[in-house]
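Just so it is clear: chains get the letters A, B, ... in the order the sequence lines come, proteins before strands, and each one is counted from 1. When reading the values below, keep in mind they use all heavy atoms of this one structure, side chains included, and skip hydrogens, waters and symmetry mates.
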Number of protein chains: 2
Amino acid sequence: MTLSEENYLKAIYHLGRDAKGAISTNAIAEVMATKASSVTDMIKKLADKGLVKYKRYQGANLTEDGRLYAISVIRKHRLWELFLVEKLNFSWDEVHDVAEQLEHVKSDKLIEELDAFLDFPSVDPHGDPIPDKDGNIQASAKVLLATLKTGEKGVCVGVKNSSRAFLQYLDRLEVSLGKELTVLGKEPFDNSIAIRVGDTAIHISSLAANNLYVKKL
Amino acid sequence: MTLSEENYLKAIYHLGRDAKGAISTNAIAEVMATKASSVTDMIKKLADKGLVKYKRYQGANLTEDGRLYAISVIRKHRLWELFLVEKLNFSWDEVHDVAEQLEHVKSDKLIEELDAFLDFPSVDPHGDPIPDKDGNIQASAKVLLATLKTGEKGVCVGVKNSSRAFLQYLDRLEVSLGKELTVLGKEPFDNSIAIRVGDTAIHISSLAANNLYVKKL
DNA sequence: AGTTAATTTTAGACAGAGCTAAAAATTTAT
DNA sequence: ATAAATTTTTAGCTCTGTCTAAAATTAACT
Ligand SMILES: [Mn+2]
Ligand SMILES: [Mn+2]
Ligand SMILES: [Mn+2]
Ligand SMILES: [Mn+2]
């Protein structure tokens, strides 16, 4: 499997998490920052290898083999991200690009030993679950902050969007995973949400609240 | 810089350590396990980038830029090898292939933090020096075991050949870096060398003795 | 339904890295 | 000093993964 094939599998997997039916060529092209024609070529190749199901003009879906392969790459990505934060002093907004490279290193021993070195962690620095060796993913009961009602409390457990801009914004707000917060109310004017984190009360935009996962308390 | 270009630079650097003048196309093809015609193409590309000096039919040499780039890749290789042994329970004969992949990951922060995480080590698991951030390489006073005379003592500090076969052979002989040994004598018949390591006396072939570095005591 | 718009696929090219076979240059032998 | 052998380069192909432009198909609108 080439680096490129692995990235396509990951992209199709992630798109499949949201969307219901088949994944469109255009959607894949969008997230891969490439052209639809290139996607068509690659999808055919992956279909030949039995990793995706594909019918002309009807989009693609991962086969079970493809799904497992995608998950194995995601496992590596998230373990490396955690390694970078835990052991090498990276911050959560610096790890993604490096993990994009490290996830393609081929060595079973490497990844299993890394897993052990990190003490078999269950989530990465962004709160995303780390699949186990066999591809099982621990589901967690997280909801978007935006869904909490006034007065409800939650603890931050993850981000939906892990762009540097959002992560650094959260840093400036001093919102980090593990922190408890309480919803004080919603502003009808712009749908922003007033929350209390520790001692301080802050306003968080609707967009931000729709990208921050919390576990209800 | 592509993965392939980095590998060529490393190969030319290592060949230059031994050989005196320019490095021949054939020699590079040999160590890269490729064909001379492919080497010619790549050398031209590297020459265009100012990383090697090249005159048709006259072989190649690294420029100062090329030398520094090669050393930076070797630095990464050796730091990763040490990481694998020290932190992830790899043995010294398992690390090379994985390090060949990891050495191409691009991130200055990654490698500097890895260096710090390992406590700024000076040698890799095979006794090879780890270049510092600026490309300086600590020279050490090692000599081949084969050069020791009867009665001389030394401590193992490195291997010249780090093939798995040789490393595993040393493991079976219970010869590892840091061990002290004494030369008991040479066998005229096959040039093998009798040595004492710890309590036990063993015979080591001439070939092996020409691939094991010791520091004289 | 019929036309227009959008999506998807095909056809043809290209850059990177490699190969084989043939030509050119250099080295070695007679 | 020639001829033979070896090394190196060139020419032409192949394989990935990408692109553009054009054709085919599907979706959206009167
Ligand atoms: Mn990531
Ligand atoms: Mn992540
Ligand atoms: Mn190595
Ligand atoms: Mn080494």
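Whole-Å rounding puts the A:K35 NZ to C:dT9 P distance at 16 Å. In this structure, NZ of A:K49 is placed 8 Å from P of D:dT16, rounded to the nearest angstrom. With rounding to whole Å, A:D41 atom CG is found 10 Å from C:dT9 atom P. Rounded to whole Å, the distance from NZ on A:K55 to C1' on C:dT9 is 16 Å. Here D:dT25 presents its P atom at 12 Å from CD of A:Q58, a figure rounded to the nearest Å. We find that CD of A:E5 is positioned 14 Å from C1' of D:dT18, with the value rounded to whole Å. Rounded to whole Å, atom P of C:dG16 lies 11 Å from atom CG of B:D48. Put simply, CE on A:M42 is 18 Å from P on C:dT8, counting in whole angstrom units.
Side-chain polar atoms of B:D93 and B:S91 form a donor-acceptor pair below 3.5 angstrom. One side chain, A:H104 or A:N7, offers a donor N or O that lies under 3.5 Å from an acceptor on the other.
Looking at which nucleotide of DNA chain D each of B:A27 and A:Y8 is closest to, the 5′-most match is held by B:A27. Map B:G59 and A:T2 each onto its nearest nucleotide of DNA chain D; the residue landing nearer the 5' end is B:G59.
Under 4.0 angstrom from either OP1 or OP2 of C:dG18 there lies at least one side-chain N or O belonging to B:S4. Using a 4.0 Å cut-off, some side-chain N or O of A:Y54 falls inside it from OP1 or OP2 of C:dT9. Between A:N26 and the phosphate of C:dA6, there is no side-chain N or O to OP1/OP2 separation shorter than 4.0 Å. The phosphate of C:dT10 has OP1 or OP2 within less than 4.0 Å of a side-chain N or O from A:R56. OP1 or OP2 of C:dT9 has not a single side-chain nitrogen or oxygen of A:K44 nearer than 4.0 Å. Between B:T34 and the phosphate of C:dG18, there is no side-chain N or O to OP1/OP2 separation shorter than 4.0 Å.
For the pair B:V123/B:V157, no side-chain contact is recorded, criterion being any heavy-atom separation below 4.5 Å from C-beta on.
Counting non-hydrogen atoms under 4.0 angstrom, A:S38 reaches a base of the nucleic acid.
Here A:D41 contributes atom CG and A:S37 contributes atom OG; the two are 6.5 Å apart, rounded to the nearest 0.5 Å.
With salt bridges taken as basic N to acidic carboxylate O contacts below 4.0 Å, one links A:E64 and A:R67. Salt-bridge formation is detected for the pair B:E112/B:R75: a Lys NZ or Arg NE/NH1/NH2 atom is positioned less than 4.0 Å from an Asp or Glu carboxylate oxygen.
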Give me the distances for all protein-to-nucleotides 21-23 of chain C N/O pairs that come in under 3.5 Å?
none

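Cation-pi geometry between B:K87 and B:F117 is met: under 6.0 angstrom from the ring centre, within 45 degrees of the axis.
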